[in-house]
Protein chains: 2
Amino acid sequence: MELTDRKKQILKIVVEGYVATADPVGSKAIAEKMPGKISSATIRNELADLVEMGYLEQPHTSAGRIPSPKGYRLYVNELMEQHTLTAEETDSINSALTGKLAQVDQVVSQAGQMVSRFMGYPAYAIAEGRSDVTVRRFELIGVDEQSFIAVVMLSDSRVKSQLMQLQLSVDSRRLPEMGHLLNTHFTTIPAQEISLRLMNLSDQVEGSWFLLLHQVCDYACELLRQASGQSVFTGGTSQLLKFPEYRDVDKAQELMSFMVDSKENLPVPMGDSPMQILIGPENVNDALKESSVVIASYDIGDHMRGLVGVVGPTRMDYATVAARLSYFAESLSRMFGKPQLPTKEETQQ
Amino acid sequence: MELTDRKKQILKIVVEGYVATADPVGSKAIAEKMPGKISSATIRNELADLVEMGYLEQPHTSAGRIPSPKGYRLYVNELMEQHTLTAEETDSINSALTGKLAQVDQVVSQAGQMVSRFMGYPAYAIAEGRSDVTVRRFELIGVDEQSFIAVVMLSDSRVKSQLMQLQLSVDSRRLPEMGHLLNTHFTTIPAQEISLRLMNLSDQVEGSWFLLLHQVCDYACELLRQASGQSVFTGGTSQLLKFPEYRDVDKAQELMSFMVDSKENLPVPMGDSPMQILIGPENVNDALKESSVVIASYDIGDHMRGLVGVVGPTRMDYATVAARLSYFAESLSRMFGKPQLPTKEETQQ
DNA sequence: CTTTAGCACTCTTCTCTCTTGAGTGCTAAA
DNA sequence: TTTAGCACTCAAGAGAGAAGAGTGCTAAAG
């Protein structure tokens, strides 16, 4: 059977009607929205075809039609009109972002909540870890006889620091020397290597100083470990409850606790496309089989990517969500996409 | 009318029965749990008295009784038996805490979720800000011709650092000099003062270096601002849905969005008691009038306090929650209560 | 004066049935 | 191929009846 233009148009009306009201759409309502005068009977014939082809479903014999996942997919791929953002929409995204631009880390952890607020759906943000992060530089700053600050600069240009106690009172004038030792032996190597080399040094450095090195190296390893693990932040899960498809408390809780407790299993985009839409059963994870996810990725620093995703019922306003989310992701790319340190090439010019 | 021991005992049975099952408790069930043989008719007489006195309520004429807020209050004040934690309970709290002890900031932000997990109720954590935090020390570390690291040590012993770009290429050998300038002019003073003094310096320092000072001072002011504002973290709000009193999606959403969007209004303890229980209408906030809150506070650093709270239906297992929460708070006090830097007195001994 | 047994009464909850109305599928004519 | 007409289906809502838990009251017993 052929998928005529008229069939497509009917499908589009059904999707948009159902997205707007959550009620199955009947032939009469469709007839009114179709250009030209077509009777509801004709529409019914077409609807029957669309059901047969798998683009629509009927909840029961005497209800209107609702889109099937396949129907949504066709809608998203071909029928959906580009939603152009209003000034209001872009403004509210911009203003929220400009306030918080301080630190990359913070933005990622807040992105989930921000996205959720703008989209009106639960959302999440993932910063993918990189296993190739190393320490670029150590710095030790003496504070008093019993404490010092360890500053660690990572190869992804993030800087972390922590106050540390000295177990034994030692002459802080030797701190620069220890810093030098750290910089010569423990930079640009992976975490496992750090532990190894530290062991080798245990003979060459006297006890109390070795403890200091140990403390700093532990801290560095912890940072590298954190950098290599991906971090996931969810936000606005309670927005789920406003959708009729989650009025059933058990369904709502299933998805909510999935988003909170099994964050790590939230979908990440396959391939390189900057925006991806997963509809209902297209999701691998059981908890999402009746929901849809829209994902957009953005650049962080040099070669890193982060992603933001929106979760909702399959009856999601894909056009609006996709437009807003991609704008949001582009904004983040614009803010953090450029390397934070100028590269060698740029410096030379 | 007198509140006899027997009446109290009946009240206790009603509270504990209702807390366990969420069903109104009938006279027959009570009679079976009472020591000695007392008929259900006698119990009914007592129940009628307890209702008259305001300790119990009946949802409708032919249902059992449920405790009123006043009844819960009496239970909490007098009747509740101290719940002693099992080894399992303490172990799981300890093990979760020991893993994350790295940084105070992180613990506060994760405490909400951790508490929620252990209690089985939604929870929150607040770190109260202090307005008297100042910068104790600045440190500038050159990275390359166009960037440096600003390290700021605050008077509450926290250390923060950030990578900064230089607008103009300047000789980084003068960085220590700038650091010295910052340390002599901008430490131990409040944020407003920093802005003021910076203005005064604008003449004395040449343009590009002034920009650098500006950048660092802005960062410091932002940190002080953050330190003075209180931060609130909620966790496990989706746990609400498992309680029958929140099966009504609208009620659930009201409380959930209150906990997420109006975090700042979550109750803080009055007075000095380390543990506080607010039952139903005792809560000031409308959104909490039908819920209860258990709050415990703990020490951070020298003279600071943080707090953790649990939110749930008035039908809450107060004995268990109180015991676990106070243990949790005590553990945090133990970990962070001691000043992170030894005080002068300790050093001199 | 307190406790108890007995019994009618109340009120929720569950189930079953009936009604209503939206929407369909099919047929036959245009 | 389109349309009008009509019988049919099914969910949702309203009522009615039955079941069951628990009460309140009364009168007798301790």
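The structure displayed is predicted, hence computed values, not measured ones. So you know, we letter chains A, B, ... as the sequences are listed, proteins then strands, and number each from 1.
Here the C1' atom of nucleotide C/dT2 and the CD atom of B/Glu2 are 16 Å apart, to the nearest Å. In this structure, A/Ile66 places its CD1 atom 16 Å from C1' of C/dT24, rounding to the nearest Å. The distance between atom CD of B/Glu52 and atom P of D/dT23, rounded to the nearest whole Å, is 16 Å. B/Glu32 has its CD atom 13 Å from the P atom of D/dA21, to the nearest Å. The interatomic distance linking A/His60 (NE2) with C/dG21 (P) rounds to 16 Å, in whole Å. Rounded to whole angstrom, the span from the CD1 atom of A/Ile38 across to the P atom of D/dA4 amounts to 12 Å.
Of the inter-residue distances, the one linking B/Ser116 atom OG with B/Phe118 atom CZ reads 10.5 Å to the nearest 0.5 angstrom. For the atom pair B/Leu255 CG and B/Tyr246 OH, the distance stands at 5.0 Å (nearest 0.5 Å). We find the CD-CG distance between A/Gln58 and A/Leu50 to be 11.5 Å, quoted to the nearest 0.5 Å.
Residue B/Tyr75 forms a side chain to side chain donor-acceptor pair (under 3.5 Å) with just one option from B/Lys12, B/Lys8, B/Glu16, and that option is B/Glu16.
DNA chain C is contacted by A/Gly26, A/Ser27 of residues 23-30 of chain A, taking any non-hydrogen atom closer than 4.0 Å. Contacts between residues 39-48 of chain A and DNA chain C, counted as heavy-atom distances below 4.0 Å, involve A/Arg44, A/Leu47.
Dashed line: the shortest gap from a side-chain N or O of B/Gln58 to OP1 or OP2 of D/dG24 is under 4.0 Å. In this structure, B/Arg65 does not reach the D/dA21 phosphate: none of its side-chain N or O atoms is under 4.0 Å from OP1 or OP2.
A heavy-atom distance below 4.5 Å is not found between the side chains of B/Arg324 and B/Val310. You'll find the side chain of A/Leu241 reaches within 4.5 Å of the side chain of A/Met256, heavy atoms only. Using a 4.5 Å heavy-atom cutoff, the side chains of B/Ile30 and B/Glu46 are not in contact. Side-chain atoms of A/Thr234 and A/Val311, non-hydrogen and from C-beta on, never get closer than 4.5 Å to each other.
A donor-acceptor pair shorter than 3.5 Å can be found between the side chains of A/Lys242 and A/Gln239.
A salt bridge does not link B/Lys7 to B/Glu2: none of the charged side-chain nitrogens sits closer than 4.0 Å to a carboxylate oxygen.
Five base pairs at each end of the helix from C/dC1-D/dG30 to C/dA30-D/dT1 define two local axes, and these are offset by 20° (rounded to 10°).
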Going through the checks in order, is the salt bridge (Lys or Arg N to Asp or Glu O under 4.0 Å) test met by B/Lys251 and B/Glu245?
CA-CA 8 Å; B/Lys251 277 194 183 171; B/Glu245 25 277 275; over 6 Å; no
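For a distance-only test at 3.5 Å, the side chain of B/Thr61 fails to qualify as a donor-acceptor partner of the base of C/dT10.
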